[in-house]
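Everything below concerns the one structure shown next.
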Number of protein chains: 2
Amino acid sequence: MSSSPVEERSRAGRESAARVALVEATAQIMLDEGYAAATSRRVAAKAGVKSALVHYYFPTMDDLFVEVVRTRAEMNLQRQREALSDDEPLHALWRISSEHDARLWMEIMALANHRKAIRSEIAAYADRFRDVEESVVTLALRSHGADMAAFPPVVLSMIVAILPRMVVLEQHLGITRGHAEATAFVEQYLDRFELRKESRSDP
Amino acid sequence: MSSSPVEERSRAGRESAARVALVEATAQIMLDEGYAAATSRRVAAKAGVKSALVHYYFPTMDDLFVEVVRTRAEMNLQRQREALSDDEPLHALWRISSEHDARLWMEIMALANHRKAIRSEIAAYADRFRDVEESVVTLALRSHGADMAAFPPVVLSMIVAILPRMVVLEQHLGITRGHAEATAFVEQYLDRFELRKESRSDP
DNA sequence: GTCTATAATGCGATAGAC
DNA sequence: GTCTATCGCATTATAGAC
């Protein structure tokens with residue numbers, strides 16, 4: 001290991017500048033031009049290194065894609081953790097979904113449809129993510145004595161997770177119909193289960 | 001034109017056997033292996049012709065992809081039209097969404113994210129599709145005197161359209177959490193607005 | 001309308017120098 | 001750890017025979 005003092009805390013060279021740059025460049029190209037455009041030569045150029053280095057860090061391109069999924073999954077789970085300590089975790093989760101880079105995840109899902117390694121990675125992530133979502137929603141509903149048989153928390157959490165992502169995707173395609181109504185509808189339901197009376201326009 | 005008597009009714013050679021086979025082969029490869037695998041050579045091989053013929057019918061690969069989108073869009077709009085004459089059009093639309101090839105549309109959307117020609121094509125289709133969905137839902141709600149301000153038809157129609165597609169996609173990725181509950185939830189709402197009392201388990 | 005042949009480019013991956 | 005150089009193959013697209 002040729003770690004300088006500054007790098008010493010990084011885990012076994014997994015965070016060398018070039019490696020991190022390659023993963024980030026790959027995500028960026030996938031987002032901008034699609035997963036098919038993320039070739040070893042293109043990501044190397046964007047990261048400012050030569051393409052042979054891609055194969056030094058990631059023997060196959062699949063290894064690189066898996067690392068992109070892992071990295072972005074951890075980023076999102078971290079954002080989710082932060083949302084839990086929000087005053088209104090339900091609203092915070094909804095906001096995460098909206099800000100979420102839905103378009104990158106669409107690329108990742110399309111990729112996962114045809115690559116086993118990525119499929120397992122994304123499935124594991126989705127399970128962890130939905131775990132947290134469901135428990136937050138369950139808590140919110142319970143504290144309002146909602147009828148959870150008629151309105152299962154996991155369903156509300158799926159709608160809260162999926163609808164805003166779909167709106168983002170559609171907007172990029174030039175589709176806008178129903179978006180305003182869908183957003184208003186979900187927010188109205190969130191308010192119903194998580195509105196701190198003393199905090200709205202009347203502090 | 002060298003049309004045989006049988007082919008005479010087809011519009012200006014746009015439906016030659018080879019051309020149709022190429023479009024179908026492309027859709028199949030996109031579904032099975034992703035849009036990146038749909039190369040001129042691969043689709044030609046699958047259609048049983050030589051790759052130069054692909055470029056005879058479709059000067060660029062984008063032209064071919066656009067034709068796939070057009071063809072599948074027309075197929076789905078036709079299925080939708082048939083659903084309208086169903087005894088329970090709301091349930092029929094829900095069924096279409098479920099049977100819908102969500103995975104192919106995911107590929108098409110990923111492709112559309114980065115290719116302008118395909119983007120316009122899919123936007124036009126989505127608008128026509130959602131048009132019909134919305135009016136069917138509006139009719140169903142109105143005939144039950146539902147509160148449409150609190151429950152906008154376009155939102156219900158989005159949920160009815162998106163949720164089952166998402167379930168299909170996730171299932172293929174190995175995610176199952178919440179699927180049964182989501183399905184049951186939507187069906188319960190459909191039944192509420194479109195249940196012919198005399199037809200259920202008591203004919 | 002369909003083919004053979006080919007040009008020009010880009011790809012993933014590896015060997016080996018430094 | 002990063003580079004140069006290269007192998008072998010696939011890609012889109014075109015030219016031109018039939």
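Throughout, a chain's letter reflects where its sequence line sits, starting with A, and its residues are numbered from 1. Bear in mind the structure is a predicted one, so any value in this text is a computation, not a measurement.
At whole-Å resolution of the value, CZ in F58(B) and C1' in dG1(C) are 14 Å apart. L53(A) has its CG atom 16 Å from the C1' atom of dA5(D), to the nearest Å. Look at CZ on F65(A): it is 12 Å from P on dC11(C), rounded to the nearest Å.
Between H55(A) and the phosphate of dA13(C), there is a side-chain N or O to OP1/OP2 separation shorter than 4.0 Å. In this model, the phosphate group of dG1(D) is approached by a side-chain N or O of Y56(A) to a distance below 4.0 Å at OP1 or OP2. Side-chain nitrogen and oxygen atoms of Y57(B) include at least one within less than 4.0 Å of the OP1 or OP2 phosphate oxygen of dT2(C).
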* side chain to side chain contact (heavy atoms under 4.5 Å, CB included) evaluation trace for H172(A) with M106(A) -> CA-CA 12 Å; H172(A) 190 252; M106(A) 151 92 79; over 6 Å; no
* What do the steps show when you test E133(A) against V160(A) for side chain to side chain contact (heavy atoms under 4.5 Å, CB included), and what is the final call? -> CA-CA 9 Å; E133(A) 269 178 337; V160(A) 168; 5.6 Å; no
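Scanning residues 31-50 of chain A for heavy-atom distances under 4.0 Å to DNA chain D yields V49(A), K50(A).
Nearest nucleotide to the A52(B) side chain, out of dA13(D), dA13(C), dA5(C): dA5(C).
When atom types are taken as modelled, the side chain of R119(B) and the backbone of L173(A) share no donor-acceptor pair closer than 3.5 angstrom.
Donor-acceptor pairing under 3.5 Å is recorded for the side chains of D191(A) and H91(A).
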Contacts table for residues 73-80 of chain B: side-chain donor-acceptor under 3.5 angstrom, sequence neighbours left out:
{"from": "E74(B)", "atom 1": "OE2", "to": "R128(B)", "atom 2": "NH1", "distance (Å)": "3.2"}
{"from": "N76(B)", "atom 1": "OD1", "to": "R79(B)", "atom 2": "NH2", "distance (Å)": "3.2"}
{"from": "N76(B)", "atom 1": "ND2", "to": "R72(B)", "atom 2": "O", "distance (Å)": "3.4"}
{"from": "N76(B)", "atom 1": "ND2", "to": "H100(B)", "atom 2": "NE2", "distance (Å)": "2.8"}
{"from": "N76(B)", "atom 1": "ND2", "to": "Y125(B)", "atom 2": "OH", "distance (Å)": "3.4"}
{"from": "Q78(B)", "atom 1": "OE1", "to": "R81(B)", "atom 2": "NH1", "distance (Å)": "2.4"}
{"from": "Q78(B)", "atom 1": "NE2", "to": "E82(B)", "atom 2": "OE2", "distance (Å)": "3.1"}
{"from": "Q80(B)", "atom 1": "NE2", "to": "F129(B)", "atom 2": "O", "distance (Å)": "2.9"}

With a 3.5 Å cut-off and sequence neighbours excluded, list the donor-acceptor pairs that the side chains of residues 38-48 of chain B form with protein atoms.
{"from": "T39(B)", "atom 1": "OG1", "to": "R42(B)", "atom 2": "N", "distance (Å)": "3.3"}
{"from": "R42(B)", "atom 1": "NH2", "to": "E33(B)", "atom 2": "OE1", "distance (Å)": "2.9"}
{"from": "R42(B)", "atom 1": "NH2", "to": "E33(B)", "atom 2": "OE2", "distance (Å)": "2.6"}

Contacts table for residues 181-189 of chain A: side-chain donor-acceptor under 3.5 angstrom, sequence neighbours left out:
{"from": "T183(A)", "atom 1": "OG1", "to": "H179(A)", "atom 2": "O", "distance (Å)": "2.9"}
{"from": "E187(A)", "atom 1": "OE2", "to": "W94(A)", "atom 2": "NE1", "distance (Å)": "3.3"}

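End-to-end axis angle of the helix from dG1(C)-dC18(D) to dC18(C)-dG1(D), from C1' rotation axes over five pairs per end: 0° (rounded to 10 degrees).
Evaluation of the side-chain hydrogen bond (donor to acceptor under 3.5 Å, both in side chains) rule for D131(B) yields R177(A) as partners, not counting sequence neighbours.
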